[in-house]
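All remarks here apply to the structure that follows.
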Amino acid sequence: MSFLIPAAYAEAAAPAGAPPGTGFEWIFLVGFLVIFYFMIWRPQAKRAKEHKNLLGGLQKGDEVVTSGGIAGRVSKVADDFIVLEVSDTVELKIQKGAIVASLPKGTLKAI
């Protein structure tokens, strides 16, 4: 039955004076972290800061676009919600976080 199960032998231990890693592992790790910072973390933080400034600066009369693609003019601003005038008779209550962009004045002439 021993021909089905191969025998396991222990490997010889490394000599006592063997040097540990050469330091290349640390260089690789630091390089990876630098790339992660500049490619992912920093641009995301910049976008979040710009979005926060956009939401903080909303005023009545601003023309905005929501994440759902609805464009309209802000008619009322509260702490967490805004009222968006989509046409002369239609107003929508929307969370501030759903606003993704501010349009230049005069973009929505039909409203």
Side-chain angles (χ1 to χ4, degrees):
M1 212 47 166
S2 66
F3 62 91
L4 294 177
I5 302 171
Y9 298 102
E11 288 188 26
T22 59
F24 181 72
E25 297 86 9
W26 287 105
I27 294 171
F28 183 74
L29 179 65
V30 169
F32 178 75
L33 291 174
V34 167
I35 289 171
F36 178 80
Y37 175 75
F38 282 109
M39 298 291 287
I40 297 172
W41 192 344
R42 191 169 156 218
Q44 183 64 27
K46 184 178 178 183
R47 263 183 254 125
K49 183 179 178 184
E50 289 173 356
H51 189 253
K52 184 178 177 183
N53 290 339
L54 170 70
L55 297 181
L58 282 177
Q59 299 176 16
K60 182 178 178 181
D62 287 347
E63 297 174 357
V64 295
V65 176
T66 67
S67 59
I70 299 172
R73 187 172 291 123
V74 176
S75 63
K76 191 186 304 181
V77 179
D79 289 336
D80 294 331
F81 291 90
I82 65 165
V83 176
L84 195 65
E85 182 182 352
V86 181
S87 69
D88 291 336
T89 59
V90 178
E91 289 186 343
L92 303 172
K93 189 173 187 179
I94 298 177
Q95 284 185 328
K96 271 188 172 181
I99 303 299
V100 294
S102 179
L103 299 172
K105 295 281 186 185
T107 302
L108 304 173
K109 296 181 195 266
I111 296 180

Nearest heavy atoms of A71 and V86, plus distance in Å: O-CG1, 4.2 Å
L84 and T66: CA distance, side-chain angles, deciding distance, side chain to side chain contact (heavy atoms under 4.5 Å, CB included) verdict: CA-CA 10 Å; L84 195 65; T66 67; 3.8 Å; yes
Donor-acceptor pairs are to be reported for all side-chain atoms of residues 90-97 against protein atoms at under 3.5 Å, with residues two or more places apart or in another chain.
from: K96; atom 1: NZ; to: A78; atom 2: O; distance (Å): 3.4

Fellow cluster residues of F81, listed by chain then number, with links counted only when side-chain atoms sit under 4.5 Å apart: none
Pairing residues for S67 by the side-chain contact (heavy atoms from CB on, under 4.5 Å) criterion, not counting sequence neighbours: A98, V100
Positive for side-chain contact (heavy atoms from CB on, under 4.5 Å) with V64, one of L58, L55, L103: L58
H51 side chain vs A101 backbone, donor-acceptor pair below 3.5 Å: no
Pairs flagged by salt bridge (charged side-chain N to carboxylate O under 4.0 Å, His left out) wherever residues 52-67 is involved - sequence neighbours left out: D62-K105, E63-R73
Output side-chain donor-acceptor pairs under 3.5 Å for residues 27-49, partner residues at least two apart or in another chain, one line each.
from: Q44; atom 1: OE1; to: R47; atom 2: NH1; distance (Å): 2.9

Closest approach of V74 to I82 (non-hydrogen atoms, all atoms of both residues): CG2-CD1, 4.1 Å
Any V65 side-chain heavy atom under 4.5 Å of I70 side chain: no
